[in-house]
Amino acid sequence: MATSTQYSWLLILCLLSACLVSASSDDTAYANSLLKFKQSLINATMLDDWKEPVVDKLCSWNKPNWTGCLCWNSSFIGLRLEGMGLGGKIDVESLLDLPLFSLSVMNNNFSGPFPSDMNKLGKLRSLYLANNGFSGEIPDGAFSGMKAIKKVALGNNKFTGKIPVSLLELPRLVDLQLQDNQFGGRIPDFWQKSLRVNFSYNKLEGAVPAALSHLNASSFLGNINLCGKPLEPCKPRKSIPKIAFIVAVVVGVVLAAFMILHLLCRRRAKPLQYEKSVDSFRMEGPAYKKSKKDKETEHGRKLYFVRNEWERFELEELLGASAEVLGSGSFGSSYKAVVFSGQAYVVRRFRQMNNVGKKDFYEYMRRLGRLSHPNLLPLVAFYYRKEEKLLITQYVENGSLANKLHGKRCPNEPVLDWPTRLRIIKGVARGLAYLYKELPTVTLPHGHLKSSNILLDSKYEPLLSDYGLVPVMNKDHAQQFMVAYKSPESTQKDRVTRKTDVWSLGILILELLTGRFPANYLKQGKGPSADLATWVNSVVKEEWTGEVFDKDMNSARHAEGQMFRLLKIGMCCCEWNVDMRWDLREAVERIVELKERDDDDDYYSCASEGDVYSSRAMMDDDLSFSSLRS
Ligand SMILES: *[C@@H]1O[C@H](CO)[C@@H](O)[C@H](O)[C@H]1NC(C)=O
Ligand SMILES: *[C@@H]1O[C@H](CO)[C@@H](O)[C@H](O)[C@H]1NC(C)=O
Ligand SMILES: *[C@@H]1O[C@H](CO)[C@@H](O)[C@H](O)[C@H]1NC(C)=O
Ligand SMILES: *[C@@H]1O[C@H](CO)[C@@H](O)[C@H](O)[C@H]1NC(C)=O
Ligand SMILES: *[C@@H]1O[C@H](CO)[C@@H](O)[C@H](O)[C@H]1NC(C)=O
Ligand SMILES: *[C@@H]1O[C@H](CO)[C@@H](O)[C@H](O)[C@H]1NC(C)=O
């Protein structure tokens, strides 16, 4: 009897201890990791209780068994090794298996570079490296992927180089301490809401980003080249020759990268290419080149404002303002200039418009200037000189649709969802319809419809730009660069019609829905545009499923039918046979009746009412929407 009781007790004890062991086996593993971590530390005398045999439990309630461990609810959650005279190496690798939410090694004697692979500690909410001797540049991607981190304290070290841009990728960041280092360059555009940050006593320069201008000036102390609110206003810098060189280098690099990017992945491309420096613009600028002939036609140097309601400014003011090169399109460079009133304008220079006489040019531009529609970027003023023309429009903050579709998205920027894309294409359609109504005698009322010519205002309403230029453009140049001249009728039969813009609209729709960059935009000159046709066909033939849509569109189930409708409209607009292609009126009608959400998904063909034929660009009958959606 007694023995059996003893056995039961033994059994219970064994079971209990087994339970204990299994409950604390995690802690044993953690303790072993910590021992490994300790090996690369120097002078770790304060961590003498970290030793073998390792403890079963690192924490009893919130009390740590080993010095420097952070505990919560009996669980290990982090390390706080502060003021221990520690040096050596932070061996991130050994910490990877720990549930490490917080890591602090403040007030120690660490030196050397920012610990490598820190961003592999994906659970970290706070990281304190302040008051050590860390030095050198922090790699740009050092914080990539640390989605949970809230606090980063790097103050009072010897870090140099740029502030790593991966800090901009941290959605939860609320506290960033960079003071008392030697960080240089500009402050990147931090966007995180209610971010507390200290940049004081570094070597930062340039303007404080607008999003940080509400901060207390004590966040920016001791950076002598930093300016702008809350510090002293920035002095406008006049031309700096260095910039010309930098711009030139950037041009080369961006151009090369641009080409390579397009070769490697058609999908993500940056449409702007940088070209000329402001200096060269000024040197060549018409206002600064007074030939005798120019003096004779002094009045010709004036900007012509197409409407009375625009604010007036002089050409000199525009060119004298600190102009910024925006890029060089296929027609010539464009510049952003802010005039004294603070309004920003875009100046575009055209050299390939010299076959039109002055009188005709003025007349036509006045006509364009009278156009007024919420989806057209209005012409503000123009300048005429025989060799070159300047067209001035307002500057639109949000950039182009091409940028939004193919450019790199800023961390705080919303994705273009389906409702937004639908609103954009509807606006484009309305703008086009207006152009067609107002320019009844012009063959190609737009002529250059593509995503980089669709600008987006602050509410993502589209504004068409670069419209109506065909009549004043030199023909060979237009044929080489304008989108309408890449249509099948132009490349094959050398003819354009009032349906040619519909082709461009179709390509735009496909681009908008698929998020893919139409390769033909890059193509210059004439010749068979097989690349474009291939692209269109491949979109339909190979990918005629929901897969075709841009993933960024957050394709909601309840809208797929409408998306397919728009895709179909795009295909119908891309009909090769001009006679069978929709006219603009029909295309616009179809687009504006699209809805954000599906109701019924009735199927319709490209044919106009009563017209029975099967379009080449149409999908086969058996591929009806309903079969696709099942
Ligand atoms: C740590 O745990 C061991 C047993 O694993 C125990 O002997 C020791 O007293 C504990 N130390 C502290 C500080 O809790
Ligand atoms: C503490 O931990 C236990 C078990 O690990 C869990 O059941 C409990 O919810 C935790 N308490 C809090 C407040 O998180
Ligand atoms: C070692 O650590 C002690 C405190 O634990 C500190 O006083 C001492 O300065 C440190 N020595 C070195 C060489 O870092
Ligand atoms: C800090 O570490 C260096 C070596 O890296 C050592 O020479 C120095 O004494 C240490 N200072 C303190 C205060 O521990
Ligand atoms: C800025 O901060 C300092 C100390 O952090 C404080 O003394 C000062 O009043 C603050 N200034 C403003 C305008 O908030
Ligand atoms: C930033 O750091 C500097 C230097 O350490 C300090 O004087 C200043 O008060 C800090 N500012 C804020 C807003 O914490």
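Quick caveat, the model's predicted, so the values are computed rather than measured. In each ligand, atom 1 is the first atom listed, and ligand 1 is the first ligand listed.
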Closer than 4.0 Å to some heavy atom of [X] - which atoms of ligand 6 meet that?
X: D180; value: 4 (C), 5 (O)
X: Y201; value: 4 (C)
X: S219; value: 13 (C)
X: Q179; value: 2 (O), 5 (O)

For the residue pair [Y] / [X], report whether a side-chain donor-acceptor contact shorter than 3.5 Å exists.
X: T67; Y: D49; value: yes
X: N107; Y: N131; value: yes
X: D417; Y: T420; value: yes
X: N198; Y: S200; value: yes
X: S126; Y: S102; value: yes

Counting each atom of ligand 3 from 1 as listed, which ones have a heavy atom of [X] under 4.0 Å away?
X: T45; value: 5 (O)
X: N109; value: 14 (O)
X: M46; value: 5 (O)

Exercise. Tell me, which pairs form a ring pair (Phe, Tyr, Trp, His ring centres under 6.0 Å) where one or both residues lie in residues 80-103, sequence neighbours left out?
Worked result: none
Seminar exercise, completed: Under 4.0 Å between heavy atoms, the region of I42 that gets near ligand 3 turns out to be neither
Problem set entry | ligand 6 versus S200: contacting region, heavy-atom distance under 4.0 Å | side chain
Exercise. Would you say the SG of C59 sits under 2.5 Å from the SG of C69?
Worked result: no
